[in-house]
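Following: one structure in structure tokens, then a few remarks.
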Protein chains: 2
Amino acid sequence: MTHPIPRTRIQEKNRARVLEAALEVFSRAGFRGATLDAIAGEAGLSKPNLLYYFASKEDIHVTLLEGLVDRWLDPLREMRAEGDPQAELLAYVRRKLQMSRDFPRESRLFAQEIVQGAPRIGAGLSTDLKALVDEKAGVIQAWMDAGKIAPSDPHHLIFSIWSLTQHYADFDVQVRAVLGEGRDPIDEAEGFLETLFTRLLTP
Amino acid sequence: MTHPIPRTRIQEKNRARVLEAALEVFSRAGFRGATLDAIAGEAGLSKPNLLYYFASKEDIHVTLLEGLVDRWLDPLREMRAEGDPQAELLAYVRRKLQMSRDFPRESRLFAQEIVQGAPRIGAGLSTDLKALVDEKAGVIQAWMDAGKIAPSDPHHLIFSIWSLTQHYADFDVQVRAVLGEGRDPIDEAEGFLETLFTRLLTP
DNA sequence: AATTCTTTTGACCAAACGGTCAAGAGCACG
DNA sequence: CGTGCTCTTGACCGTTTGGTCAAAAGAATT
């Protein structure tokens, strides 16, 4: 990275502008489909100016993804073992769905990276991610063992929450094409998913 | 297209080789990340030779996607209104999951196209796809009205089947990273999804 | 064997792309 | 005002990439 820690307010502001523009372009076109010119144009900067703030296209992409994974996992971290199991899980579903509504581009950027085999993020998945999921799967398993929620595979339960919520961000165009105009997919999904998980989890 | 209808057996064979190679490359790198050289190399042809069979990179991509959408929707078409509702839906889930196992590259190619906003397939979604889904949603709604399965939104029910099954193809690396080695994700998913949909659908 | 049609390829091209550089503009501060 | 620092940019460069072309190599047909 060119500037590990932004010094001035101008740097902070312009780095943020670049990342915002890059998110837009990367999520729409993929890593390879995004061009520095397109990102610079979207950010309202010249290309050399953009490269003054970031060392390379890959640098931008990595910076974007690093910031992403943390925010992506936050809702799972917030799930408390001490809370009411069913309420905790349903709250997790709602938080994840809210993220699909508020940060669809982030979700799509992440999805593309994974679909392509995580070539630029790979390592962290098998360590950090696995550790957190294993821990929370343990919590869920304990809830099941205690008879608080119906038994099923905790890992796949977590996958199902990811898949069902992220679907509304990642496959947005398809969902909208099928539902037709004048509908709010995520609003409808909230009710549907509450039904689904209530039925799945209730002992 | 250069050759709307392949005439000779050589053409048929080589077009098939190109499409197989292109599927591999496109699904791993995305449309823009795939190069004609990479596809040609994978197919064991020279680049000009490849362009003898297809007019352009886009031609290959479109041909691939056209053939895909049909196969992708086949399992849904097979769902019969006359059958036992719960059995029909569970069979649909199993067929879709089987497709994630047998055709993961196809799933990932399709996923990338949708995630990027379906820029090269767009039109068909709002017409053909919507028509089929609306029809089947009607069937499901009738089943619910008759009290054969528990009520929920039929469109979102179909979305949930797509999302939960395709997840195992599209996010394969993530699933494997979390589960660790020596496990068969789709094999495990079969049991989990049967539990999930049985609980969701049983009145 | 000659002819014709299909298939294959090496050489080539223009455009697009990621990235560099040197020089200038803006700005803070003694 | 001058000095030094941050920021910005036009011009440029080497490489990659999608695509062309003319000519050669194979098949098929007579």
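Chain letters run A, B, ... following the sequence lines, proteins first and then strands; every chain starts at 1.
- Note on the helix from C/dA1-D/dT30 to C/dG30-D/dC1: terminal axis deviation equals 0°, with five pairs used at each end and the result rounded to 10°.
- In the interface, the side chain of A/K57 is not paired with the base of C/dG19 through any donor and acceptor atom under 3.5 Å apart.
- Between B/R71 and B/D74 there is no salt bridge, since no side-chain N of the basic residue sits under 4.0 Å from a carboxylate O of the acidic one.
- Protein atom NZ of B/K47 is 7 Å distant from nucleotide atom P of D/dG18, rounded to whole Å.
- Of the side-chain N and O atoms in B/Q11, none sit less than 4.0 angstrom from OP1 or OP2 of C/dT6.
- We find that CG of B/N14 is positioned 14 Å from C1' of C/dT9, with the value rounded to whole Å.
- The side chain of B/N49 places no N or O atom within less than 4.0 Å of a non-bridging phosphate oxygen (OP1 or OP2) of C/dG10.
- Taking A/K96 as the reference, nothing meets the salt bridge (charged side-chain N to carboxylate O under 4.0 Å, His left out) condition, with sequence neighbours excluded.
- Listed by chain and number, the residues in a salt bridge (charged side-chain N to carboxylate O under 4.0 Å, His left out) with B/D128 amount to none (sequence neighbours excluded).
- The ring-ring contact (aromatic ring centres under 6.0 Å, His included) analysis of residues 166-191 of chain B, with sequence neighbours excluded, yields the pairs A/H156-B/Y168, B/H167-B/F171.
- A salt bridge does not link B/R120 with B/E58: every distance from a Lys NZ or Arg NE/NH1/NH2 to an Asp or Glu carboxylate oxygen is 4.0 Å or more.
- The aromatic rings of B/F31 and B/F26 sit parallel, their planes meeting at an angle under 30°, below the 60° perpendicular limit.
- Take A/P85 and apply the side-chain contact (heavy atoms from CB on, under 4.5 Å) test, not counting sequence neighbours, and it matches A/W143, A/K148, A/I149.
- For the segment residues 16-25 of chain B, the set of residues with a heavy atom within less than 4.0 Å of an atom of DNA chain C is empty.
- For A/R101, the salt bridge (charged side-chain N to carboxylate O under 4.0 Å, His left out) partners two or more places apart in sequence, or in a different chain, are A/D184.
- A straight line from CD of B/E12 to P of C/dT6 spans 16 Å, rounded to a whole angstrom.
- Phosphate proximity of D/dT8 to A/Y53: present, with a side-chain N or O under 4.0 Å from OP1 or OP2.
- By the side-chain contact (heavy atoms from CB on, under 4.5 Å) test, A/A81 pairs with A/V139, sequence neighbours left out.
- The CG-P distance, from A/L51 to D/dG10, rounds to 15 Å in whole Å.
- Residues passing the side-chain contact (heavy atoms from CB on, under 4.5 Å) test with A/S160, sequence neighbours excluded: A/L157, A/F197, B/L164, B/F192, B/L196.
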- Where along nucleotides 21-26 of chain D does protein come under 4.0 Å, by heavy atom, of base (B) or sugar-phosphate alone (S), with - for untouched nucleotides? B-----
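- Proximity of A/R94 to A/L97: side-chain heavy atoms (C-beta onward) are nowhere separated by under 4.5 Å.
- Under the rule for a salt bridge (charged side-chain N to carboxylate O under 4.0 Å, His left out), the partners of A/D37 that lie at least two apart in sequence or sit in another chain are A/K47.
- Checked by atom type, the side-chain pair A/S27/A/Q112 shows no donor-acceptor distance below 3.5 Å.
- For the pair B/F54 CZ and C/dT8 P, the computed distance is 13 Å after rounding to whole Å.
- Taking atom NZ of residue B/K13 and atom C1' of nucleotide C/dT6, one finds them 14 Å apart after rounding to whole Å.
- Classification of B/E24 and B/R105 as a salt-bridged pair holds, one side-chain N sitting under 4.0 Å from a carboxylate O.
- When the side-chain nitrogen and oxygen atoms of A/Y52 are compared with OP1 and OP2 of D/dC7, one or more of them lie within a distance under 4.0 Å.
- Contacts between residues 29-40 of chain B and DNA chain D, defined by a heavy-atom separation under 4.0 Å, are made by B/A34, B/T35, B/L36.
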